[in-house]
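Contents: one structure, followed by commentary.
We number each residue from 1, following the sequence as shown. What you see is a predicted model, and the numbers here were worked out from it, not measured in a lab.
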Amino acid sequence: MKAGQVFKRTLLALACTGGCANAFAQDSAAANGDSSQKKKLDAITVTGSLIPQTQLETFTPTTSVTSEQLKAEGFATVAQALQHLSFATGSVQNAQNTNSFTPGAKTASFFGLNPGYVKLLVDGRPMNNFPVLYDSTEVINNLNTIPTDLVDRIEFLPGGQSTLYGSDAIAGVINIIMKKKVDAPIIDARYGWNGLGGNANRHISFADTFSFGKFNITAGAQIESSQPIWSADRSWTSHNFENGASPALSGRDYLIYNSELRNSYYMLDPNRCALTTGQFGGTEGLQHRPGQGDYCGSFYAPGTSTLSGDSKTANIYTRATYDLSDTTQLYGDFSYNFDREKWSNGASTMWWGSSSKYTYIYDPDLDDFINFQKSFSPEEVGGYQHIMSKSYERNYTLTLGSKGILGASDWEYDISVMHGEDKLTQRPFARFTNAMENFFTTRVLGPDLGPDPDGNGFSTFRPDYAAFYTPISNADFNSFTGYLTSNAKTWQNIGRLTLTNSALFHMSGGDAGVAVLAEGANEGWDYSPDHRLLTGEVWGQSAVQGAGHRSRFAVANEWRLPLLSELTMSASARYDAYKVAGSTISKPTYSVGLEYRPFGDLLLLRARYGTAFKAPTLADQFTGNSSYYANPTDYYNCALLGYDPAVASISCPAKYNGAPVKGLQSGNPKLKPISATNWSAGLVLSPISRMALGVDFYHWNIKDEVDIEARDKLLLQETACRLGQLDISSPSCQSAISKIIRNAKGELAEIQTPKVNVANEILDTVNVNFNYVFSAGFLGEFSPTLNYTNILQHKRQPYVGDPYIDLLRSPYWSTDFKTKLAASLTWRRGKWGATLYASRFGKSPNYLATLNASSPYTKAGEGTLPAWLTYNASVSYKPLAKLDVSFIVNNLLNAMPPVDTSYPGTSSAPYNKYNYDVYGRTFSLEARYKFGP
């Protein structure tokens, strides 16, 4: 066998372990002179190029995960597999963040970049966008909607890929390739459970290929359900943190406080909390906060939220082809995905406070201005499992096309049209403002006795304090609560024509290939929240709303030029234009890559330079003026009273800590595209058969990023600017101060967060991967793999003119991991197989360090947390020729995140939920049966 064929077999083994039997057969046939099979091999198309080619390793590094690998490594979903790639170093919202805009959706952040910076494709076509915005600002794709058992393999290309795939491909491209053929009917069933409780899951799928002469159809279906994990199921999250930077403090479930800056609490219960002791599972009682006073509370209120939701999904996928002639094939793809999610925010967001309507009330018997605050216990609501918020997503895509050869030429064509829709119905549980305020006014406050005697504009009441400290009934709670209905939708239509010629003309190193692409499309977005969210009829909740559509077209050209037998150059260019709101936004991009093999197939040296972009999303442009109410900490006024940001959320008076403040955010139709330059350089060394070591360096320079500051960070920044910790004349300080609106008394009045092109970002990273497949004789075959990512530099400039922020050393701005490693060892022998998979998440900052905006890691208690290492293990056995069974354990050693003792005693969890989870060890039994001969 020639050296080139050995190298090609090596790359096939490494890129397609367990899933490329046909490719090996073709390669073997080609080695023996079978020209027809050789031609088929030449027709392989890899992600990252429109031109069919034989080389799997090109100037663009590619990571491939087969469906067999995905299962063997313990991943039940595509989302889990992508989130555990070594490239996925960024912190993201997840199912633990129940108070987010997208608690049911799953996404990932690659290299610490925005989750929307990766282009997600299914069979080379863009996935439908999720209709609701991630963190209220960003458009993402929901990885929940991909049926794992119907996936053939997943390919990830890091680096800017806009010259072939257009917008969004700044961090890279993920192409999820579905199964096109099944040899025999297959049914797969799995049952899983969690050793610590919750998360029991069931899964079943079926797939088959049917042939009727020239007509072939592959069809598959998958159904899966997963039960929730409640915070009460885990000792880490069931109650307030006991071993933190301050003593554990219970929730303030029944609280009366005054308007004085000393923030005194009144204990006005004649029974001293005796009537409340049955609440929160019997843990409610009289509590005390030093320097403030007494109240009724429980340490176990955090247990009422979910860490992982109640999920049900159903998926259908079909692929049909009809051979119209020897040179023409008609095809069609259809997929339908249903996803129902349920979750609970818990008692932390299910409460009532008199301040929202009255600001303060005057009690003539106390001669003081006071407020009430009450949380609702599980006993009052009838169990939080019965009032979970819900979402229903229905996602489908239909593609029709034709591909073949133009006449007797070497030109191949592929023409297709695609329509996709993603519809989401949200059913959040809500408290209705008037009904709840009227209930507590009647029950507790009593009649309005007129204005306060000091002329401050407050109302006078003589409250019934005993009634306030008496738990309410389920019927009472139901009288002012219920479900809302919000609807959201995205849609896209794409028409595409691709022409390719793998041998347009001959050069010194071989045949030159060319591809031409033309594409036209339109897309739309509509988010229509329940009208009550926009009119103040819902207590403590708000919504983002908006709608818009646009059309676009693109043309692209790609060349693959073998300059010498050792040297190949690839070049591509693309032009995209978007017509939106009566104007056109356009962006040209280009890319040049080199592959150099100085010692045959022993060594590949590669380099690439290109540009990429991300067009403003429809949400960026068309989000309407959306107001909301938040309960932030006014760090500036707290600082004036002597409270450091690290303790402000605990000790600062209620007047400046948790009082409702109006926020306003909006889109901007005048936004311009985010642009990026990206280059990479690396090598692939293959010293022996079926072994490869790859090392690649990547650099990004991203400009004109769209930004909306997080409220808390904006308030911290404004404080640092006003106190002189940051240069108050800097652009970022001036911007922060202009967006924090204060009244004549210096109190917070409004926080404004519009979208603007303001930020620049620079990123350097290195990735190392190693793959080897070797035989150990009678001991079987072993396949070790390793992928390691190290973020060498990541800095961001919030506004032009600002100094760059080192995100690797500024935890106030970022808690992303600097390093991440994923490694596995697979063994196969006869009917047996086993895989051990390890994930190592590098160090991350502790909580106290994230509060320091000006000089991180300088104050007492600030520091980093150690690396987190988890293992998955699987064992498979084939008792019958048609039956495979496997046993899988995720988080084999039940490893919990590193404990962060810098969290205060008011925290519900001593770890960063964006980086870690406490799900613990899970077990799965799976069986797959293949029918037929």
Side-chain angles (χ1 to χ4, degrees), residues 4 8 22-23 26-27 29-30 33-56 58-60 123-125 163-166 175 177 180-181 213-216 319-333 399-418 494-521 553-565 567-575 590-593 595:
K8 187 162 56 186
N22 290 338
Q26 293 167 6
D27 190 37
D34 188 332
S35 60
S36 63
Q37 288 282 43
K38 177 69 166 61
K39 185 176 181 180
K40 291 181 181 179
L41 180 61
D42 287 344
I44 290 175
T45 300
V46 298
T47 305
S49 176
L50 301 175
I51 305 170
Q53 55 195 289
T54 60
Q55 297 289 354
L56 291 180
T58 66
F59 67 95
T60 300
D123 287 333
R125 300 178 184 90
T163 54
L164 294 181
Y165 299 107
N175 191 14
I177 300 168
K180 305 299 187 295
K181 185 178 181 181
K214 297 181 178 181
F215 179 76
N216 295 275
R319 165 78 175 190
T321 63
Y322 180 76
D323 295 327
L324 194 63
S325 68
D326 291 340
T327 60
T328 303
Q329 183 182 78
L330 307 179
Y331 64 87
D333 297 336
T399 302
L400 299 174
S402 173
K403 62 181 180 180
I405 300 173
L406 293 176
S409 72
D410 291 327
W411 284 93
E412 299 180 15
Y413 74 90
D414 190 333
I415 185 169
S416 65
V417 292
M418 185 194 87
I494 301 175
R496 177 183 296 171
L497 170 64
T498 304
L499 298 173
T500 59
N501 190 326
S502 302
L504 184 63
F505 54 85
H506 192 74
M507 300 182 67
S508 299
D511 291 332
V514 63
V516 179
L517 176 146
E519 186 175 272
F553 74 89
V555 291
N557 181 218
E558 179 188 9
W559 289 87
R560 184 166 176 83
L561 305 171
L563 305 178
L564 303 169
S565 59
L567 180 65
T568 300
M569 182 177 75
S570 297
S572 57
R574 178 173 171 133
Y575 177 80
Y590 65 91
S591 174
V592 178
E595 305 161 35

Taking atom [atom1] of [X] and atom [atom2] of [Y], what is their separation to the nearest 0.5 Å?
X: L497; Y: E519; atom1: CG; atom2: CD; result: 10.5 Å
X: L564; Y: M569; atom1: CG; atom2: CE; result: 11.5 Å
X: S49; Y: W559; atom1: OG; atom2: CH2; result: 13.0 Å
X: I51; Y: S502; atom1: CD1; atom2: OG; result: 7.0 Å

Taking every non-hydrogen atom, the tightest pair across [X] and [Y]:
X: S572; Y: T163; result: OG-OG1, 3.0 Å
X: A512; Y: P562; result: CA-CD, 3.9 Å
X: R496; Y: G124; result: NH1-O, 3.3 Å
X: R319; Y: Y331; result: NH1-CD1, 3.6 Å

Please identify each residue that fulfils salt bridge (charged side-chain N to carboxylate O under 4.0 Å, His left out) with E558, with sequence neighbours left out.
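Counting only residues at least two positions away or on another chain, E558 forms no salt bridge (charged side-chain N to carboxylate O under 4.0 Å, His left out).
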Exam field: side chain D323 to backbone S325, donor-acceptor pair closer than 3.5 Å
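Not a single qualifying donor-acceptor pair exists.
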Do any N or O atoms from the side chain of Y165 and from the backbone of R125 form a donor-acceptor pair under 3.5 angstrom?
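Such a contact is absent between Y165 side chain and R125 backbone.
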Are N557 and Y590 linked by a side-chain donor-acceptor pair shorter than 3.5 Å?
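No donor-acceptor contact under 3.5 Å links the two side chains.
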What verdict does the salt bridge (Lys or Arg N to Asp or Glu O under 4.0 Å) test give for K180 and D123, after you've listed the backbone C-alpha separation in whole Å, the side-chain angles of each residue and the deciding distance to 0.1 Å?
CA-CA 10 Å; K180 305 299 187 295; D123 287 333; 2.7 Å; yes
Side chains of [X] and [Y]: closer than 4.5 Å at any heavy-atom pair?
X: L517; Y: L50; value: yes
X: Q329; Y: L324; value: no
X: I415; Y: T498; value: no
X: M507; Y: L561; value: yes
X: S570; Y: E595; value: yes

Does D511 come within less than 4.0 Å of R560, counting only side-chain N to carboxylate O?
no
Audit row: L504, W411, side-chain contact (heavy atoms from CB on, under 4.5 Å) steps and yes/no:
CA-CA 8 Å; L504 184 63; W411 284 93; 3.7 Å; yes
Any pair counted as side chain to side chain donor-acceptor pair (under 3.5 Å), so long as it reaches residues 401-410, sequence neighbours left out
S402-Y413
